[in-house]
Structure formats: C-alpha cells, structure tokens
Amino acid sequence: MEPLATPQIIQLPKFLDKRGNLSFIEEFKQIPFKIERTYWIYDVPGGEHRGGHAYKQNEEFIIALSGSFDVILNDGSESKVYSLNRSYYGLYVPKGLWREMNNFSTNSLALVLASRPYDENDYIRDMTEFNNWLK
Ligand code: TYD
C-alpha cells in the first residue's frame, strides 16, 4: 500500500460472531504505514478537546474503540469534520494537516496508531506557524 495523500475513512475487516465481533489491522495492509507507536486517549472530561497541532512527518490512523468523538482536519484552506463512532473503521491522517479532536462521549476511547516514534520536534503547535510552514 502506497502512502495516501488525503485523509480517508478506512473500513476494517470485521468478523461478526455471536460470541462477539473481531476486527484487526496489519501494517501496510489496512493502513499505509509501519506502526512505530501506539497511544490512546481516554477519560476525557466533557467539553474538552485534544490535538490542536500538526505533524511534519508523522502519519496516524485513529479509531474510536469505544464511544465517539470528532476529528477536525484542516489543510490550511479548508476544514473537514470526521465523526468516529465504531471500532471497525478509522481515519487515516496524512502528515502535514492541522488536527483537533473534540466532542468526546463519556467513556470514549481513541486508539491512535502512528508511523513515527514520539518526537516533539515533529509537532507544529501554533496555527500561524502552521500556515507559514505550508507556504
Ligand atoms: P499531545 O500529542 O500534545 O496531546 P494532544 O495534542 O492530544 O493534546 O501529547 C500530550 C503530551 O503527552 C505531550 O506533551 C508528550 C506526551 N506524549 C508522549 O510522551 N508520547 C506520545 O506518543 C504522545 C502522543 C504524547
């Protein structure tokens, strides 16, 4: 799978079973990158938002393993909202987009697969700096 240039919702395999359902992800199969890091966001108090930054290189795949939340992506000219609320699909986020997350439901759990190890130097945390970096 080649790196993708645009954000997209990716449906995951789903094994429906009366004992309970099962989905999975393998690197370079369902998602277009090698998984170097996994983190999750949980216990988000009502009304809080996360994100508010861009990555210069890191790509991500975000899944609502439980509950729901919105991911807002901005490419410098337009903003799109992706509502995640099922564990059998996720949002692929290419590098170089401003991203925020909000509207977390009670007990929601956001799983994030990332293409790079954590590196604060890969973050752009200021919107003005992001817009300059895009030029
Ligand atoms: P951050 O990505 O800034 O969270 P958000 O954008 O959702 O507010 O992460 C918050 C802090 O957690 C960050 O300052 C450092 C730490 N952190 C790590 O050490 N490793 C990681 O993989 C991530 C995602 C964050």
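When reading the values below, keep in mind they use all heavy atoms of this one structure, side chains included, and skip hydrogens, waters and symmetry mates. Just follow the structure's listing: the first ligand is 1, and inside any ligand the first atom is 1.
Distance from atom 10 (C) of ligand 1 to its nearest protein heavy atom, with residue and atom name: Arg50 NH2, 3.9 Å. Remark: minimum distance from atom 1 (P) of ligand 1 to any protein heavy atom is reached at Tyr123 OH, 3.7 Å. Given atom 14 (O) of ligand 1, the protein heavy atom at minimum distance is Tyr118 OH, 3.8 Å.
Of the polar atoms of Glu120, none of the N or O atoms is found under 3.5 Å from an N or O of ligand 1, judged by distance alone. Considering backbone and side-chain N/O atoms, Ile41 never comes within less than 3.5 Å of an N/O atom of ligand 1.
Distances from atom 12 (O) of ligand 1 to the protein include no heavy-atom value under 4.0 Å. By the definition of a contact as any protein heavy atom under 4.0 Å away, atom 21 (C) of ligand 1 is in contact.
Side chain to side chain, Glu100 and Asn102 fail the donor-acceptor criterion of an N or O pair below 3.5 Å. Checked by atom type, the side-chain pair Tyr88/Gln11 shows no donor-acceptor distance below 3.5 Å. Side chains of Tyr82 and Gln8: no donor on one and acceptor on the other come within 3.5 Å.
In Arg37, the part holding a heavy atom less than 4.0 Å from any atom of ligand 1 is the side chain.
In this structure, the side chain of Arg37 engages the main chain of Arg116 through a donor-acceptor pair within 3.5 Å. Judged purely by atom type and a 3.5 angstrom limit, Glu36 has no side-chain atom pairing as donor or acceptor with the backbone of Pro117.
Counting only residues at least two apart or in different chains, salt bridge (charged side-chain N to carboxylate O under 4.0 Å, His left out) contacts with residues 65-90 are absent. Note on residues 103-128: pairs passing ring-ring contact (aromatic ring centres under 6.0 Å, His included), not counting sequence neighbours, are His53-Tyr123, Tyr55-Tyr123, Phe69-Phe104, Tyr118-Tyr123.
Of all atoms in ligand 1, numbered sequentially from 1 with element shown, those under 4.0 Å from a heavy atom of Tyr39 are 24 (C).
Between Arg125 and ligand 1 there is a heavy-atom distance shorter than 4.0 Å.
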